[in-house]
Structures are given as C-alpha cells and as structure tokens.
Novice: 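Here it is: the structure, laid out below.
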Amino acid sequence: MKQHFSLRAAVCVALASTASSSVFAAGFQVNEHSANGFGRAMAGQAAMPENATILATNPAAIIAFDTPQFSAQISYINPSIDIRGDMDVTVFNQSGESVFANTYDIGEEDIATAAFVPSIFYTAPVNDTMSWGIGAFTNYGLATDYSDSFNALHFADEAEVMSFTINPAIAYKVSDTLSLGLGVSVTYAEAEIGTSIPQIFGPLLGSEALGNLTVIKMSGDDIGFGWNVGAFWQATDTTTLALSYRSETKLDLEGEIESDLGAIIPAVAELYNQDGSLSLDLASITELAVDQKLDEQLSVQASVVFTQWSVFDKLNAELDSGDELLLKEEDFDDSYRFSLGATYLYNDQVTLRAGYAFDNGAVTTEHRSLSIPDTDRHWYTVGATYALSETTTIDMAYAYITGSTAEVSQQRALGTIVSDVSATEHAKANVFSLQINTSF
C-alpha cells in the first residue's frame with residue numbers, strides 16, 4: 001500500500017510537469033507577426049505603420065493608410081535548446097532504506113522543434129476619419145520533444161502547443177494628430193503534452209518493458225476571447241508615440257488524460273484515463289513605442305513591452321470524475337522586453353533595418369524546470385525592404401536570439417525511486433522572416 005500511495009502521488013507530480021510544458025509554450029511569446037518589424041527587433045512597432053501588419057500591435061495605427069493594404073508574412077523559427085547535467089537516482093525499500101544508488105547523464109540536444117509561423121492582414125479606410133482591418137496571427141506557441149532514450153522523461157517528455165488568433169479592428173481619427181483603435185480577438189489553442197517512464201527505470205520497477213510507458217499524456221483544445229486597444233499620436237512632424245494593450249485570454253483546454261500506469265497500479269487506471277480539462281491564461285501585453293526621425297533617411301525606434309505573467313500563479317486540472325487537482329504553484333514573474341532599432345531609407349527602392357532587444361523570462365529561478373526552458377534572451381536582428389513597384393514591396397529579416405544559461409535543480413519521486421536533477425539549459429534560435437505587402 002505504501003508503494004501504491006507513493007506512485008499515485010508521483011503521478012500527480014508528473015502531471016504537473018506536463019502541464020508546465022504547455023505554460024512554457026504559452027509564456028514564450030511568439031513575436032513573428034511582421035518581417036519589417038522583426039528587422040529592427042520589433043522596436044517602435046506600435047508606432048510604425050509601414051504596412052497592414054501594424055494591426056497586430058496597434059489597431060489605432062491603421063488609420064495612417066489612405067488605401068486598402070494587404071500583407072502576408074511567414075517566419076521560420078529554428079531553435080536549439082540543449083540540456084547538460086546529471087541525475088542522481090536512489091531506490092528505497094519499504095523501510096525507507098537505500099537499496100540502490102547511481103548517477104545518470106541527462107544530456108540532450110535540440111529538444112525544441114523548428115516551426116513555420118504565418119500571418120496575414122488586411123486594412124482599408126472607411127472614410128477620412130475611420131478605418132477597419134482584420135488579422136490572423138499567433139501570439140503563443142512552441143514544441144519540445146525529448147528522445148525516447150532521455151534518462152529524465154518523468155520530468156519532461158513531449159509538449160506541443162499551438163494557438164491562432166483572428167483579430168478584427170477599427171480605428172478612429174480623433175484629431176489631425178491623435179487616433180484611437182479597438183479590436184476583438186478570437187483565439188483557438190490546442191495542446192498535447194506528456195511524460196513517460198525512463199528506459200533506465202524499467203529494470204528498477206521490475207521489467208524492462210515498463211520503460212517508455214506513458215506516465216501521463218494530456219491533449220485538449222479551446223476557443224477564448226479577448227480585446228485590444230491602442231492610441232497613435234503624431235506628437236510632432238518627426239516624433240510618433242504609441243500605446244497599445246492586448247487583454248488576457250482565458251482558456252479551458254478540454255480533452256483527454258491518458259496513462260499506462262494502470263498496468264502497474266490498477267487502482268489508478270480509471271482515474272488517469274478519462275476526459276478532463278486544464279485552465280490556462282494567456283497574459284495581457286502592453287507596449288509603449290516611439291519612432292523618431294533624425295533626417296530624411298534615418299530614424300530610430302524604441303519599445304518597452306510589458307507582459308503580465310504574474311496572473312499565472314497556478315495550474316489547476318479538473319477531471320470529469322469530479323476530482324480537482326491543484327497541480328503546481330507557478331508564481332510567474334511579469335516580464336519586460338526592451339528594444340532599440342534603426343531604419344534607413346537607402347534609396348527609393350531599398351530600406352535597411354537593424355535592432356537589438358533584451359527579453360527577460362517569466363519563469364523564476366525557484367520554479368525553473370526541464371519542462372519550462374525559459375530564460376532571459378538577447379535579440380540581434382537585421383532586415384530590408386525592396387520595392388517591386390509603387391504598390392508592392394517585399395520585406396526580409398533575420399534574427400539571432402540567444403538565451404542566458406539557466407540552472408535547473410529538481411527532485412521527483414516515482415514510487416520508491418527518488419531522482420535529483422542538476423542541469424543547465426542552453427538556448428539559441430535563428431529566425432528568418434519573409435513578407436509581401438501591397439496596396440490597392
């Protein structure tokens with residue numbers, strides 16, 4: 001009975017780990033809405049109505065266009081997240097005495113998978129004082145996948161979270177220098193996340209066949225609603241200021257919970273194989289941006305983006321049986337991104353951009369885990385626009401994003417097997433963006 005109780009408790013801990021993976025995907029903001037903005041590290045984006053992609057960050061700024069605008073963008077994100085470290089494993093008998101101890105390597109490379117991130121936008125003036133538009137893009141999402149031979153699969157295995165937002169918006173010109181905007185958003189999100197028994201634990205549990213059995217796998221989806229507002233102020237002939245806000249989106253991911261542990265402990269078979277749901281909040285985002293023209297060719301941009309991740313304080317799962325599980329106290333920190341960029345009009349056909357951003361992570365040191373590879377990041381970006389004609393342009397951008405080395409220290413029990421992990425996470429990414437814009 002003691003072993004059964006310990007294993008069931010371990011299932012709850014493992015479930016918390018899988019749910020945390022989805023939070024990592026949600027907490028890791030996707031900023032690839034605009035290739036032109038990405039070229040300057042998204043600096044000043046809310047204050048730079050260069051094309052229809054401005055709708056994603058500031059609906060008020062679409063008032064700047066006298067004719068209908070269309071933009072379509074795609075980014076290729078190629079992340080590289082590596083884990084290096086060791087795991088101390090101790091097996092205890094029913095009396096609490098150690099009967100086995102060993103240290104295992106938990107090094108793993110490229111746990112995050114590459115992804116294409118598309119977006120599409122259209123805006124049009126209604127009259128001299130009002131414009132409307134619609135955008136389809138993503139704000140959150142990522143995928144991680146550890147190999148079957150990873151020695152700490154009970155801490156983290158696979159996680160794939162996808163979200164997609166449709167955002168219609170309107171803008172109204174209050175005066176010759178000030179415009180306000182309002183939008184509503186519909187966000188669809190789906191997730192599949194899970195943990196497994198490491199292969200090295202099979203013999204310790206009595207059979208090699210138990211290695212790679214699913215501890216917990218969760219899959220579900222939901223549709224959530226939100227809103228966004230913005231202000232666009234032409235302060236002087238050379239200075240533009242903008243303020244935008246995107247609300248929190250509440251999701252209740254409904255789907256299935258599956259586990260193979262019933263083969264070991266029949267008592268948990270029914271409990272961990274049923275329908276259920278996981279509440280997940282996507283944090284609100286606020287941006288303050290400025291665009292300052294220095295002369296006819298050169299301008300500089302800056303932004304401060306505040307993401308209110310402190311609203312995400314815990315993970316709570318509800319099962320159809322009526323059981324409610326408080327999985328984990330997360331206590332995320334609010335995060336900031338500071339960016340600075342420059343735009344240079346080289347000639348009538350070519351525009352050049354460059355930028356830098358510092359993006360601090362939402363995961364605190366105390367709560368950092370293998371399932372949440374989030375840390376502070378530095379962006380280094382370049383980009384260019386080429387005018388194909390008077391009405392059509394192509395934007396290109398490249399970003400190298402590097403993360404600070406993050407220390408991870410965790411302990412987890414699976415039955416009478418206790419694991420202590422000491423590891424470091426190393427993260428970087430190469431991002432390529434391409435976009436076409438046209439006016440009618």
Novice: Enumerate the salt bridge (Lys or Arg N to Asp or Glu O under 4.0 Å) contacts for residues 44-65, please, sequence neighbours excluded, ordered by first and then second residue.
Specialist: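 Qualifying pairs, neighbours excluded: Arg40-Glu50, Glu50-Arg353.
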
Novice: Between Asp221 (side chain only) and Glu190 (backbone N and O only), is there a donor and an acceptor less than 3.5 Å apart?
Specialist: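 It does not hold such a pair.
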
Novice: Looking only at side-chain N and O atoms, does Asp88 offer a donor or acceptor that is under 3.5 Å from a partner on Thr103?
Specialist: yes

Novice: For the backbone of Ser404 and the side chain of Thr375, can you confirm whether one donor and one acceptor N or O come within less than 3.5 Å of each other?
Specialist: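 Between the backbone of Ser404 and the side chain of Thr375 there is a qualifying donor-acceptor contact (under 3.5 Å).
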
Novice: Picking from Val91, Ile200, Ile197, what satisfies side chain to side chain contact (heavy atoms under 4.5 Å, CB included) with Ile417?
Specialist: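 For Ile417, the side chain to side chain contact (heavy atoms under 4.5 Å, CB included) test succeeds with only one of Val91, Ile200, Ile197, which is Val91.
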
Novice: Backbone N or O of Asp86 within a donor-acceptor pair of the Ser422 side chain at under 3.5 Å?
Specialist: no

Novice: What I want to check is whether the side chains of Gln69 and Thr123 have a donor and an acceptor closer together than 3.5 Å.
Specialist: no

Novice: To the nearest 0.5 angstrom, please state how far the CD atom of Gln308 sits from the OH atom of Tyr245.
Specialist: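 Gln308 CD to Tyr245 OH: 6.5 Å, rounded to 0.5 Å.
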
Novice: Have Ser147 and Glu108 got a donor and an acceptor in their side chains that come within less than 3.5 Å?
Specialist: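 Glu108 and Ser147 do have a side-chain donor-acceptor pair below 3.5 Å.
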
Novice: Taking atom types as modelled, find out whether Gln435 and Asn36 have a side-chain donor-acceptor pair closer than 3.5 angstrom.
Specialist: yes

Novice: Looking at Thr57, Thr286, Asn167, which one forms a side chain to side chain donor-acceptor pair (under 3.5 Å) with Arg246?
Specialist: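 Only one option passes, and that is Asn167.
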
Novice: Would you say the side-chain atoms of Ser163 pair up with the backbone N or O of Tyr140, donor to acceptor, closer than 3.5 Å?
Specialist: yes

Novice: Report the distance from atom CD1 of Ile134 to atom OH of Tyr122, rounding to the nearest 0.5 Å.
Specialist: 11.5 Å

Novice: Are the side chains of Leu261 and Tyr272 in touch, meaning some heavy atoms are under 4.5 Å apart?
Specialist: no

Novice: Taking all non-hydrogen atoms of both residues, which atom of Glu287 and which atom of Ser303 are closest, and how far apart?
Specialist: OE2-OG, 2.7 Å

Novice: I'd like to know if the side chain of Asp82 reaches the main chain of Asp110, judged simply by a donor and an acceptor atom lying under 3.5 Å from each other, with no hydrogens or angles considered.
Specialist: yes

Novice: Do the side chain of Asp376 and the main chain of Gly361 share a donor and acceptor less than 3.5 angstrom apart?
Specialist: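 Checked: pair present.
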
Novice: With a 3.5 Å distance limit and no angle check, can you tell me whether Ser259 reaches the backbone of Val215 through a side-chain donor-acceptor pair?
Specialist: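 Yes; judged by distance alone, with no hydrogens or angles, the pair exists.
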
Novice: Sub-3.5 Å donor-acceptor pair from the side chain of Asp359 to the main-chain atoms of Arg337, do we have one?
Specialist: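 Side chain of Asp359 to backbone of Arg337: no pair is present.
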
Novice: Write down the atom of Ala231, the atom of Asn58, and the distance for their closest heavy-atom approach.
Specialist: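 Taking every non-hydrogen atom into account, O-ND2, 3.3 Å.
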
Novice: Specify the closest pair of heavy atoms between Asp334 and Ser310, including all atoms of both residues, with the distance to one decimal.
Specialist: OD1-OG, 2.6 Å

Novice: For Phe121 and Phe137, take the angle between the two ring planes, folded into 0 to 90°, and tell me which bin it lands in: parallel under 30, tilted 30 to 60, perpendicular over 60.
Specialist: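 The rings of Phe121 and Phe137 lie parallel, inter-plane angle below 30°.
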
Novice: Working to the nearest 0.5 angstrom, can you tell me the gap between Leu282 CG and Thr249 OG1?
Specialist: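 Atom-to-atom, Leu282:CG and Thr249:OG1 are 5.5 Å apart.
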
Novice: Tell me yes or no: between the side chains of Gln301 and Asp291, is some donor less than 3.5 Å from an acceptor?
Specialist: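 Yes, Asp291 and Gln301 have a side-chain donor paired with an acceptor closer than 3.5 Å.
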
Novice: Whether the Thr385 and Asp395 side chains hold a donor-acceptor pair (N or O, under 3.5 Å, no angle test) is what I'd like checked.
Specialist: yes

Novice: With sequence neighbours excluded, what pairs up with Tyr336 under the ring-ring contact (aromatic ring centres under 6.0 Å, His included) test?
Specialist: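 With sequence neighbours excluded, Tyr336 shows a ring-ring contact (aromatic ring centres under 6.0 Å, His included) to Phe306, Phe338, given in chain and number order.
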
Novice: Between Ser119 and His33 (side chain of the first, backbone of the second, donor and acceptor by atom type, cut-off under 3.5 Å), is there such a pair?
Specialist: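 Here the side-chain-to-backbone pair exists.
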
Novice: Out of Asn151, Leu370, Ile106, which residue meets the side chain to side chain contact (heavy atoms under 4.5 Å, CB included) rule with Tyr146?
Specialist: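 Per the side chain to side chain contact (heavy atoms under 4.5 Å, CB included) rule, the option paired with Tyr146 is Leu370, out of Asn151, Leu370, Ile106.
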
Novice: For residues Ser409 and Glu407, is any side-chain donor paired with an opposing acceptor at under 3.5 Å?
Specialist: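 Glu407 and Ser409 do not have a side-chain donor-acceptor pair below 3.5 Å.
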
Novice: Quick check against the 3.5 Å criterion: does Gln73 have a side-chain atom that pairs as donor or acceptor with the backbone of Ser75?
Specialist: yes

Novice: Taking all non-hydrogen atoms of both residues, which atom of Ala191 and which atom of Leu253 are closest, and how far apart?
Specialist: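 Closest approach of Ala191 to Leu253: CB-CD1, 4.2 Å.
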
Novice: May I ask you to test the Ile54-Ile62 pair for a side-chain heavy-atom distance under 4.5 Å?
Specialist: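 Of all side-chain heavy-atom pairs linking Ile62 with Ile54, at least one is under 4.5 Å.
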
Novice: Heavy atoms only: give me the nearest Gly230-Pro59 pair and the separation to one decimal.
Specialist: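 Closest heavy-atom pair between Gly230 and Pro59: N-CG, 4.0 Å.
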
Novice: So do Tyr398 and Tyr380 actually touch side chain to side chain, heavy atoms under 4.5 Å?
Specialist: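 Side chain of Tyr380 against side chain of Tyr398, heavy atoms only: no contact under 4.5 Å found.
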
Novice: How close do Ser98 and Phe92 get, heavy atom to heavy atom, and via which atoms?
Specialist: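 Ser98 and Phe92 have their closest heavy atoms at N-CD2, 3.8 Å.
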
Novice: We want to know whether Asp157 and Thr195 form a side-chain donor-acceptor pair, criterion being a heavy-atom distance below 3.5 angstrom.
Specialist: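 On atom types as modelled, these side chains do not qualify, holding no pair under 3.5 Å.
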
Novice: Within the 3.5 Å criterion, strictly below it, is a donor on His154 or Ser419 matched to an acceptor on the partner's side chain?
Specialist: yes

Novice: What residue pairs, at least two apart or across chains, pass side-chain hydrogen bond (donor to acceptor under 3.5 Å, both in side chains) with a residue in residues 197-213?
Specialist: Gln199-Asn212

